[in-house]
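The model shown is predicted, which means the values in this text are computed figures rather than measured ones.
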Amino acid sequence: MEKIIIFDTTLRDGEQSAGASMSVDDKLLIAKNLDSMRVDIIEAGFPYASEGDFQAVSKISKICKYSTVCGLARANNNDIDSAGKALKQAKKNRIHTFISTSDLHMKYKLKMDRNEVIDSIKKSIKRAAKYTNDIEWSPEDASRTDLDFLYKSIEVAISTGATTINIPDTVGYAVPSEFGELIVNIKKNVINIDKAIISVHCHNDLGLAVSNSLSAIIGGARQVECTINGIGERAGNAALEEIVMCLKTRKDSLPYYSDLDTKKITNISHLVSTITGFSVQPNKAIVGKNAFAHESGIHQDGMLKHTNTYEIMTPESVGLSSSELVLGKHSGRHAFKVKLNELGYDFSENKINLLFKKFKELADKKKQVFEEDLLALADQEQSISKVKYIDLLDISIKCGSNQSSSAYVKLKYLNKTLSTELKGTGPIDAVFKAIKSLIATKAHLVVYQVNAITKGTDAQAEVSVRLEEGGISVLGVGSDIDTIVASGKAYINGLNKLINKKSKAKDSKKILNSSNNSIDKHVI
């Protein structure tokens with residue numbers, strides 16, 4: 001087993017994603033998490049690019065306890081000096097300098113010939129050596145560079161003092177077989193390559209960044225440059241989480257390892273997504289919300305019998321608590337029954353069959369069926385009387401930015417008309433307090449949820465509330481174009497169900513021991 005060095009460039013190349021600019025504080029927070037996750041090298045930024053980048057690299061240099069902090073620099077004195085100064089206080093530092101070597105880049109971008117590029121390589125590495133003995137050099141656009149010139153450039157870089165040679169597939173042009181072969185050929189044709197570590201930096205323009213990186217590792221690369229969630233210039237970079245979990249999961253064909261704490265992957269993925277504003281696509285490998293979710297009935301049945309039937313790694317290994325059985329139109333009866341049991345219900349087989357039919361009808365209308373939908377189905381199925389004890393007659397609200405909220409509520413309870421006005425921390429709180437005072441209930445509000453039934457400013461609001469009292473749990477729903485009125489309706493709907501259930505429990509004594517779960521278990 002050989003170690004693969006993980007070089008994270010989320011804060012440098014990742015920030016080059018259009019619209020992904022990060023503040024200094026944002027970068028510090030991500031760097032702390034990368035360091036805690038034991039990333040070997042953090043490319044903290046491009047110090048000469050801006051004062052903000054310089055400050056970020058400088059501050060990150062002070063806080064990292066495990067990771068080597070790296071700064072990027074073009075092949076000129078100003079860039080290298082700026083990087084050296086920014087990295088001055090790092091426990092371990094590295095300067096990463098680069099210059100283009102492909103004929104295309106030299107002609108149109110640099111306007112330099114090969115001799116001038118070779119001379120620039122020597123000067124830039126010698127300059128970097130004034131600040132550190134850990135120097136990484138990259139031939140930009142390496143995958144489109146003439147091989148003989150690439151070999152010569154690498155040899156010069158190493159003989160001048162470079163300790164890591166990074167081979168970038170700058171525009172994501174390579175395919176795995178040729179990129180792996182490129183690394184093999186570099187090892188064969190660069191006479192002093194044994195004095196440096198070969199690194200790779202792959203872009204994802206053709207969706208091959210991770211595949212190219214793994215092919216390069218097999219070919220002899222021992223450092224991989226990558227980013228959290230695969231963010232980066234254009235289509236992004238090789239995704240750190242995918243590379244690391246490939247190494248961890250497929251040791252049989254990839255006899256390598258990293259020192260990364262993979263249990264922190266999910267957390268840092270969410271952090272980077274939040275800071276950049278780039279949502280992770282649901283089907284993204286490792287960190288997508290569907291990566292450990294199963295909707296197909298066949299898959300769910302297999303998962304319930306043995307998780308390895310449809311999962312090649314555990315959700316716990318990347319920081320999740322468990323897999324998820326998503327209920328939808330493809331779900332099977334087995335998963336449906338298990339989900340009801342998890343929610344605290346123990347129905348007879350006949351009622352399970354009846355509820356499953358209703359569930360399928362609902363699933364045909366909705367993309368995903370949530371727990372609250374199941375709870376509503378279960379509540380509707382329970383054989384309790386539909387006596388309506390409470391009727392809402394009127395609600396009016398006083399609230400504003402310069403006054404406390406209060407609610408006037410008028411209702412009919414057991415044929416008596418009652419009303420009161422109470423204050424609350426907000427209009428909804430005031431309504432609920434007023435209703436509770438009139439009914440004198442000890443019901444505890446567990447869930448409050450608002451959804452728009454239709455689009456637009458005139459949309460009708462659908463409010464769901466879950467109430468619990470004495471081991472009994474109910475779901476109340478209400479709808480109205482006024483969200484506050486809908487909330488009052490939902491609360492009263494829940495109280496009516498609660499009174500019915502309490503009456504039924506008292507008469508038939510069918511409510512048994514409550515479980516330790518947040519929703520008490522009913523035997524129906």
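- Donor-acceptor pairing under 3.5 Å is lacking for the side chains of T420 and Y408.
- A donor-acceptor pair is defined here as one N or O able to donate and one able to accept, closer than 3.5 Å; no such pair exists between the side chain of D205 and the backbone of A235.
- Side-chain contact between L247 and Y257 is absent, with no heavy atoms from C-beta onward closer than 4.5 Å.
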- [ ] Could you check Y389 against K497 for side-chain contact (heavy atoms from CB on, under 4.5 Å), going step by step and ending with a plain yes or no?
- [x] CA-CA 9 Å; Y389 295 92; K497 288 183 178 181; over 6 Å; no
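- Here the side chains of K264 and S36 are in contact, with some heavy-atom distance below 4.5 Å.
- Side chains of H201 and D13: a donor on one and an acceptor on the other come within 3.5 Å.
- For CG of N402, the number of neighbouring non-hydrogen atoms (other residues, nucleotides, ligands) closer than 6.0 Å is 12 at most.
- Side-chain contact annotation: S405 with K398, donor-acceptor N/O pair under 3.5 Å absent.
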Using a 3.5 Å cut-off and no angle test, enumerate the donor-acceptor pairs between side-chain atoms of residues 426-445 and protein atoms at least two apart in sequence or in another chain.
unit_1 : atom_1 : unit_2 : atom_2 : d
D429   : OD2    : T425   : N      : 2.9
D429   : OD2    : T425   : OG1    : 3.2
D429   : OD2    : K433   : NZ     : 3.3
K436   : NZ     : A443   : O      : 3.1
S437   : OG     : A434   : O      : 2.7
T441   : OG1    : A443   : N      : 3.0
T441   : OG1    : E469   : OE1    : 3.4

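- No side-chain N or O of H203 forms a donor-acceptor pair with one of E233 less than 3.5 Å apart.
- Exactly one residue among K92, Q223, K3 makes a side-chain hydrogen bond (donor to acceptor under 3.5 Å, both in side chains) with D40. That residue is K3.
- Without hydrogens or angle criteria, K251 side chain to K248 main chain gives a donor-acceptor distance under 3.5 Å.
- Shown here are the side-chain contact (heavy atoms from CB on, under 4.5 Å) partners of E242, two or more places apart in sequence or in another chain: V210, A239, K284, A285, I286.
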For a quick test of your reading: what N or O donor-acceptor pairs under 3.5 Å do the side chains of residues 25-34 make, sequence neighbours left out?
unit_1 : atom_1 : unit_2 : atom_2 : d
D26    : OD1    : S23    : OG     : 3.4
D26    : OD2    : S23    : N      : 3.2
D26    : OD2    : S23    : OG     : 3.1
K27    : NZ     : L11    : O      : 3.2
K27    : NZ     : E15    : OE1    : 2.9
K27    : NZ     : D53    : OD1    : 2.6
N33    : OD1    : N267   : ND2    : 3.4
N33    : ND2    : L29    : O      : 2.8

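- Put simply, CG on L240 and CD1 on I265 are 6.5 Å apart, with the number rounded to the nearest 0.5 Å.
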